[in-house]
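The structure appears right after this line, and notes come after that.
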There are 2 protein chains.
Amino acid sequence: MLRLTQSEENYLKAIFTLSQDTEGAISTNDLAEKMLTKASSVTDMLKKLCEKELLEYQKYQGCALTNSGKAHALAIIRKHRLWETFLVDKLNFGWDEVHEIAEQLEHIQSTELTDRLDEFLGFPKVDPHGEPIPGKDGRIESVSNRILLSESLVGMKAIVMGVEDDQTEFLQYLNKIGLHLGTPIDIADKLSFDGSVLVNMNGKQVQFSITIAKQISIKPL
Amino acid sequence: MLRLTQSEENYLKAIFTLSQDTEGAISTNDLAEKMLTKASSVTDMLKKLCEKELLEYQKYQGCALTNSGKAHALAIIRKHRLWETFLVDKLNFGWDEVHEIAEQLEHIQSTELTDRLDEFLGFPKVDPHGEPIPGKDGRIESVSNRILLSESLVGMKAIVMGVEDDQTEFLQYLNKIGLHLGTPIDIADKLSFDGSVLVNMNGKQVQFSITIAKQISIKPL
DNA sequence: AACTTTTTTTAGACTAGTCTAAAAATTAGA
DNA sequence: TCTAATTTTTAGACTAGTCTAAAAAAAGTT
Ligand SMILES: [Mn+2]
Ligand SMILES: [Mn+2]
Ligand SMILES: [Mn+2]
Ligand SMILES: [Mn+2]
């Protein structure tokens with residue numbers, strides 16, 4: 001099996017994630033933004049990953065993962081989410097404290113370790129942020145009926161199913177207002193001029209900006 | 001706190017380990033051998049680590065860790081041994097399967113993670129190979145009355161307390177002959193011309209070469 | 001003390017990953 | 001469709017870590 005550096009793995013993961021909500025190829029600039037790096041660095045890396053047949057890349061045309069590239073990305077995501085689950089379930093970290101550590105742990109090379117960790121955790125289906133954990137075979141069980149809070153309709157009742165995991169302050173804010181996975185919410189109103197969502201939860205009303213509302217996924221009841 | 005690369009950390013650990021059974025400075029060549037690298041590479045790294053005040057180094061004089069360097073080395077060793085303990089105690093790996101994985105895990109940066117892992121494991125005193133685990137403060141509890149099997153005397157009765165951890169085949173061999181931590185042994189004879197040690201254990205007699213006998217530590221009864 | 005061998009350092013080169021600045025290609029607009 | 005703005009690539013430089021080959025220093029030997 002092809003041996004990858006941490007940097008290569010981080011690129012693959014980023015491309016995979018961007019591909020999730022983009023049809024067609026991923027642009028150099030979008031990837032540079034995601035990776036907090038410069039477009040010229042991205043171009044260099046794309047050439048290398050293309051050489052290793054992890055993605056397809058043609059000058060000025062952006063890139064798209066091959067099946068091999070996707071498999072690698074999913075393996076890294078699997079490890080990331082399993083380790084986050086370990087940190088929260090076994091070591092009692094908060095969901096706002098685990099992403100950075102998992103960014104490191106996801107690069108540990110040992111399939112045996114990953115699979116035993118999975119077993120030790122009882123084969124969890126989702127991580128502490130509600131994201132599905134890919135299985136040993138790389139398959140993600142589709143999460144049913146989820147929509148973004150930003151796409152909800154006034155009057156809906158729903159359950160919080162997932163949140164973005166990579167901003168500590170955002171997660172701490174959710175802690176403060178008492179929003180967790182499983183929290184029931186009512187969509188009270190939406191402000192047409194800025195996209196804010198007014199939500200009733202835990203007996204009080206909270207207003208979420210469109211930015212926040214895009215980072216919370218819910219299951220309408 | 002000073003941020004170190006994996007390579008720098010591996011050098012510090014190697015220097016610390018070599019210092020354990022060497023008085024005075026560590027030579028460039030010895031370190032190169034330990035690190036499986038070339039003397040010229042070692043010289044470059046020594047300059048860098050000296051610059052960071054992790055060790056003292058003068059041309060042609062070898063090197064010695066400063067207190068800061070020692071503290072860093074002990075922190076890495078602490079993580080290595082805690083992770084090995086986790087792998088064996090919680091994930092049911094064999095003692096022959098964990099060293100390589102721990103070589104990676106020891107570089108994960110998070111004091112909070114290390115300390116919570118320590119607690120999760122019940123504050124173990126020794127790792128799966130019998131090596132003492134440094135505490136949060138970097139102190140190693142001295143392991144009492146241990147000697148190397150190679151230094152034992154004929155007629156001694158003893159208990160196996162520790163083994164070298166870094167050669168998979170060696171540990172598999174010990175598994176095969178049924179030698180574990182806690183195994184009681186009798187020193188039946190020593191061959192003066194090659195240093196071999198004849199040991200009675202588990203009802204049969206085994207002969208250990210001097211090389212092997214130096215990699216097993218025992219506590220005489 | 002002089003010569004030889006060993007150890008250690010230096011010099012120069014290479015790869016991986018990143019950057020800035022400039023050139024080239026693509027896309028958008030009039 | 002021609003020009004302007006944007007995106008992407010190239011060129012060249014830098015750091016970290018490694019290597020080989022050669023020079024310099026230290027240690028060993030007559
Ligand atoms: Mn995460
Ligand atoms: Mn990462
Ligand atoms: Mn080990
Ligand atoms: Mn290591």
Side-chain angles (χ1 to χ4, degrees), chain A residues 1-15 18-19 22-65 69 72-73 76 103-104 106-107 109, chain B residues 1-15 18-19 22-65 69 72-73 76 103-104 106-107 109:
Chain A
M1 240 251 195
L2 195 52
R3 173 82 158 220
L4 302 177
T5 67
Q6 293 208 180
S7 192
E8 290 172 323
E9 291 192 338
N10 286 334
Y11 272 95
L12 290 179
K13 192 170 59 134
I15 296 165
L18 287 174
S19 301
T22 316
E23 77 285 0
I26 300 303
S27 80
T28 302
N29 263 4
D30 286 358
L31 190 46
E33 188 182 5
K34 180 91 174 176
M35 292 295 296
L36 304 176
T37 187
K38 302 294 171 178
S40 55
S41 307
V42 170
T43 301
D44 287 347
M45 184 57 90
L46 290 182
K47 284 177 188 165
K48 183 154 53 128
L49 295 175
C50 185
E51 201 59 42
K52 296 189 180 182
E53 298 185 49
L54 293 160
L55 50 79
E56 283 169 69
Y57 165 69
Q58 284 170 247
K59 274 192 191 181
Y60 297 101
Q61 302 307 127
C63 69
L65 293 181
H72 278 275
I76 299 153
E103 275 300 313
Q104 301 175 61
E106 71 190 359
H107 302 292
Q109 307 268 8
Chain B
M1 240 248 194
L2 197 51
R3 172 84 160 219
L4 303 177
T5 66
Q6 292 207 182
S7 192
E8 289 172 323
E9 290 193 339
N10 285 334
Y11 272 95
L12 289 179
K13 191 171 61 135
I15 296 164
L18 288 173
S19 302
T22 316
E23 77 285 357
I26 300 303
S27 81
T28 301
N29 264 3
D30 286 358
L31 190 47
E33 188 182 3
K34 179 92 176 174
M35 292 294 296
L36 306 175
T37 188
K38 302 295 171 177
S40 54
S41 306
V42 170
T43 302
D44 286 347
M45 183 58 90
L46 291 181
K47 283 177 186 165
K48 183 155 52 129
L49 295 174
C50 185
E51 199 59 42
K52 297 189 181 184
E53 298 185 48
L54 293 160
L55 50 77
E56 283 168 69
Y57 165 70
Q58 283 169 247
K59 275 191 192 182
Y60 298 103
Q61 302 308 127
C63 69
L65 294 181
H72 277 275
I76 299 154
E103 276 300 313
Q104 300 176 61
E106 73 190 358
H107 302 292
Q109 307 268 6

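Chain identifiers are assigned alphabetically (A, B, ...) following the order of the sequence lines, protein sequences preceding nucleic acid strands; residue numbering begins at 1 within each chain. The figures that follow rest on heavy atoms only: side chains count, while hydrogens, waters and symmetry mates do not.
- Distance NZ (Lys38(A)) to C1' (dT7(D)): 15 Å, rounded to an integer number of Å.
- Partners of Glu9(B) under the side-chain contact (heavy atoms from CB on, under 4.5 Å) rule, at least two apart in sequence or in another chain, are Leu4(B), Ile76(B), His107(B), Gln109(B).
- Looking only at distances, no side-chain donor or acceptor of Glu33(A) sits under 3.5 Å from a matching main-chain atom of Asp30(A).
- Classification of Arg3(A) and Glu8(A) as a salt-bridged pair fails, no side-chain N sitting under 4.0 Å from a carboxylate O.
- Within the structure, a side-chain polar atom (N or O) of Ser7(B) is placed less than 4.0 Å from OP1 or OP2 of dT18(D).
- At the phosphate of dT6(D), neither OP1 nor OP2 sits under 4.0 Å from any side-chain N or O atom of Asn29(A).
- Contact between the side-chain N/O atoms of Tyr57(B) and the OP1/OP2 oxygens of dT8(C) is not found at any separation under 4.0 Å.
- Per the geometry, CZ belonging to Arg3(A) stands 20 Å off P belonging to dT15(C), to the nearest Å.
- If you check every strand for non-hydrogen atoms under 4.0 Å, Ser41(A) touches a base.
- Residue Leu4(A) contributes atom CG, which lies 14 Å from atom C1' of dA16(C) at whole-angstrom precision.
- Rounded to whole angstrom, the span from the CD atom of Glu8(B) across to the P atom of dT18(D) amounts to 10 Å.
- Separating the CD atom of Glu51(A) from the P atom of dT15(C) is a distance of 14 Å, rounded to the nearest angstrom.
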Scan nucleotides 21-29 of chain C against the protein and return all N/O pairs shorter than 3.5 Å with their distances rounded to 0.1 Å.
{"unit_1": "dA25(C)", "atom_1": "O4'", "unit_2": "Tyr60(A)", "atom_2": "OH", "d": "3.2"}

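- Although no hydrogens or angles enter the test, the distance criterion places a donor-acceptor pair under 3.5 Å between the side chain of Ser19(B) and the main chain of Ile15(B).
- Phosphate proximity of dT10(D) to Lys47(A): present, with a side-chain N or O under 4.0 Å from OP1 or OP2.
- Between the P atom of dT7(D) and the CD atom of Glu33(A) lies a distance of 11 Å, rounded to the nearest Å.
- Once rounded to the nearest 0.5 Å, the distance linking OH of Tyr11(B) with CG of Leu54(B) reads 14.0 Å.
- Atom CG of residue Leu2(B) and atom CD of residue Glu53(B) lie 9.5 Å apart, to the nearest 0.5 angstrom.
- For Ile26(A) and dT8(D), the CD1 to C1' distance is 16 Å, given to the nearest whole Å.
- Taking SG of Cys63(B) as the reference point, atom CG of Leu12(B) lies at 9.5 Å (rounded to 0.5 Å).
- In terms of phosphate contacts, Thr28(B) brings a side-chain nitrogen or oxygen within less than 4.0 Å of OP1 or OP2 of dT9(C).
- The phosphate of dT9(D) (OP1 or OP2) has a side-chain N or O of Thr43(A) nearer than 4.0 angstrom.
- Spacing between atom CG of Asp44(B) and atom C1' of dT15(D) amounts to 13 Å, rounded to whole angstrom units.
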